[in-house]
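For the single chain, residues carry numbers from 1 onward in sequence order.
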Amino acid sequence: MRKADDLRSRLRKIELGKEEFGWNAPLIGISGNFRAGDCTLASAYYESVLAAGGSPVIIPPFDSESALSSLLDSIDGLVFSGGADIDPDFLGEEPLDMVEVNEKRDLPELLLLQMALDRHIPILGICRGMQLIAAGLGGGMYQDIRTQHGASSLEHSQHTENRFDTSHTVCLEPDSLVSELLGTGAVNVNSFHHQAVSRVPEGFRISALAPDGIIEAMESTDMRQILAVQWHPESFILNGDRCMMPLFNWLTTQATLLKRARRIHGSVLTLDSHQDCPMFFEKGARFFEKNPGVTVEWDYVGETSPDGSTTFSYNPLVDLHKMKYGGLDAAFMVAYLKQLDRDSESLKAATLKADHLLDLLDERIAECAPYAALALTPADLYRNKALGVRSVVRGIENGYAIGADLSRIEHFRKRGVAYMTLCHNGDNDLCGSARGQGEHGGLTAFGREAVMEMNRVGMMVDLSHASERSFYDAIEVSAKPIICSHSSSRLLCDHKRNLSDQAMRDLAQSGGVAQVCLYSGFLKKGGQATVSDAVRHIVHMIEVMGPDHVGIGSDFDGGGGMPGLEDASWLISLTARLLAEGLDESVLARLWGLNFVRVWQRNLDLV
């Protein structure tokens, strides 16, 4: 009767509501072991996940890419468990005699690792799991510690009935995540391995060492949430010892942030207001290809080779796959025009170049049907999202594209161009540029006419790259709210094409929107920007302008991106980081799309 009563009590709790009884717990996948023909898992793994507030699910070893993809779209965190040896063949090495591989696990888990990385799922590697991460990401391995590291090594394969017994201490590296979680100095650990990581992969740091120099823990140094330890922290809970629970608590905390970020990206429209992808479509990039890579001339991107070479290989930062992994619904892709001469032939060539880039954009997106489509209105964005279709919206960067002919504005608007950036890095016939020679200062008479014509046809006026005088002239002339599609804070990074606090306040007062640019040079002076710098700009601009006037314009494929925000797939991680900073879901919904869509719709409504 007690069991029946307990069952009825639990069912009653379910009926009372999901929220109150922890149904928001993150789903944590745990790789299953495989031996004697069966998938198995020691209970300590799922007990530790449960104790940390996660919902555990065992992942058996299978290598169906489609099934793994569906699974990874559902889980929020991942534990790679311990077990038999990694096959040295995956590292291009002949196996030593004592190596005992588990052929059933290696390939499925290496696939699982890469696909989890694509989705920025937080990962905890344990023993074999740490070795798997190293092997899969380009690190090095000792096939056998005693044979390859030296006879003076500790006994890392302890023999004991109790897996929670400790065998030696490990020294935690200062300022590491592991020391933050477990305390500074040394900790006692257990040890059940004869293989070990000999070299951590690029993008990782050593965070703990055994007395004999064996690497006992490593962690990622970018925004990827990856932590791996060589000992078995799950085993301690079997003895009622919670000393290792901070490792599992860390995992469930990161998984909860990802879960919340996914929920936000799933329920609201997310858009990036500025990407330069058509520039690389011209070089052969295809939008449906993952990591396609193209050969680019250095002068093509307006930079100088550091080593004197004339070309380099470039991997476009935006494609259909990266948009999916990053939870990005819509991308505004611009036909970028470098500012060149302004004689009649050069102006004609600029218009032809803009049309050519827009043609390429149309072709590349058409190749992706039915998974991506061009959008002409905000309604198209919402319709496509409901259908699971990624949207692409046309734009033009540099009013040089219209030459000296106002009729070209209507021509480009009929082609679906949603906005035009009035200038780029140089003065043109419309206005003065932030990086110009002071030829005009602000808008020219022709530029004022162009703004009014853009108002008439429903094309947004973009003032990124414009001088401050051009910015204020446009606010004065325009009957519709303007945008700065990719501009950051001048107070935090003193660059003349960034916005002063006063300019931001005036832009907000006029109903416009400023989209934070993720280009390192506009986020931090004199060095490589970090994700923390990007977050500082976002938070500051929201504080200055209010939450209804700020968005994101990455400038991906136009110089944007940094470690931890390396391409469009990382945008989901940016949301998780902003959640951790305390931004609530309402603010994030506005930041990610509602603000920009409001301005776009107002530009269309007044036509």
Side-chain angles (χ1 to χ4, degrees), residues 269 271-275 278 329-337 351 354-355 357-359 361-362 365 373-385 391-423 429-431 443 446-466 470-471 473-487 507-508 510-515 548-549 551 553 593-607:
L269 182 72
L271 67 84
D272 180 344
S273 62
H274 192 87
Q275 298 174 353
D329 296 317
F332 284 68
M333 297 186 180
V334 298
Y336 158 70
L337 301 174
T351 299
D355 271 319
L357 290 172
L358 293 172
D359 289 341
L361 175 60
D362 292 354
I365 304 308
L374 292 162
L376 299 176
T377 67
D380 290 342
L381 302 184
Y382 287 105
R383 186 180 306 110
N384 287 343
K385 181 176 177 66
S391 293
V392 174
V393 187
R394 305 172 186 89
I396 290 176
E397 186 171 24
N398 198 350
Y400 186 46
I402 69 169
D405 185 353
L406 285 178
S407 70
R408 306 309 296 170
I409 294 174
E410 184 169 16
H411 162 77
F412 286 124
R413 181 69 194 101
K414 287 180 177 179
R415 292 210 60 179
V417 172
Y419 73 74
M420 182 171 71
T421 315
L422 293 191
C423 62
D429 290 327
L430 281 77
C431 68
L443 290 185
F446 178 66
R448 290 172 178 267
E449 290 185 88
V451 168
M452 290 186 284
E453 177 65 3
M454 291 170 73
N455 286 174
R456 185 186 74 81
V457 302
M459 184 186 292
M460 288 182 284
V461 177
D462 178 21
L463 270 297
S464 286
H465 288 289
S470 297
F471 170 86
D473 285 350
I475 288 181
E476 177 189 349
V477 172
S478 181
K480 302 178 184 180
I482 66 171
I483 66 170
C484 291
S485 69
H486 57 304
S487 295
L507 178 60
S510 70
V513 64
Q515 306 290 105
D548 294 324
H549 300 280
L594 290 179
N595 293 341
F596 194 86
V597 165
R598 181 192 68 248
V599 173
W600 188 15
Q601 189 61 59
R602 284 190 61 187
N603 272 262
L604 296 175
D605 288 344
L606 296 177
V607 175

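When every heavy atom of L381 is checked against every heavy atom of A330, the shortest pair comes out as CD2-CB, 3.9 Å. Minimum heavy-atom separation, T377 to W600: C-CH2, 3.6 Å. Taking all atoms of both residues into account, the shortest heavy-atom contact from N603 to K480 is O-NZ, 2.7 Å. Taking both residues in full, the closest heavy atoms of S478 and N455 are given as OG-ND2, 3.2 Å, listed atom of the first, atom of the second, then distance.
Of the possible donor and acceptor atoms, one in the side chain of R413 sits under 3.5 Å from a partner among the backbone N and O of G458.
Contact of the S510 side chain with the P481 side chain is not registered, since no non-hydrogen atoms from C-beta on lie closer than 4.5 Å. Between M420 and F412 the shortest side-chain heavy-atom distance does not fall below 4.5 Å.
Between R602 and D605, no side-chain nitrogen of the basic residue sits less than 4.0 Å from a carboxylate oxygen of the acidic one, so the salt-bridge criterion is not met. Classification of R456 and E453 as a salt-bridged pair holds, one side-chain N sitting under 4.0 Å from a carboxylate O.
N398 pairs by the side chain to side chain donor-acceptor pair (under 3.5 Å) definition with Q339, N428, not counting sequence neighbours. For D359, the side-chain contact (heavy atoms from CB on, under 4.5 Å) partners at least two apart in sequence or on another chain are R415. Legend: residues meeting side chain to side chain donor-acceptor pair (under 3.5 Å) with E397, ordered by chain and number and at least two apart, are H274, H465, H486.
Here the CZ-CE distance, from F332 to M460, works out to 5.0 Å after rounding to the nearest 0.5 Å. Taking CD of E410 as the reference point, atom CD1 of I402 lies at 12.5 Å (rounded to 0.5 Å). Distance check: D429 CG to L422 CG gives 12.5 Å after rounding to the nearest 0.5 Å.
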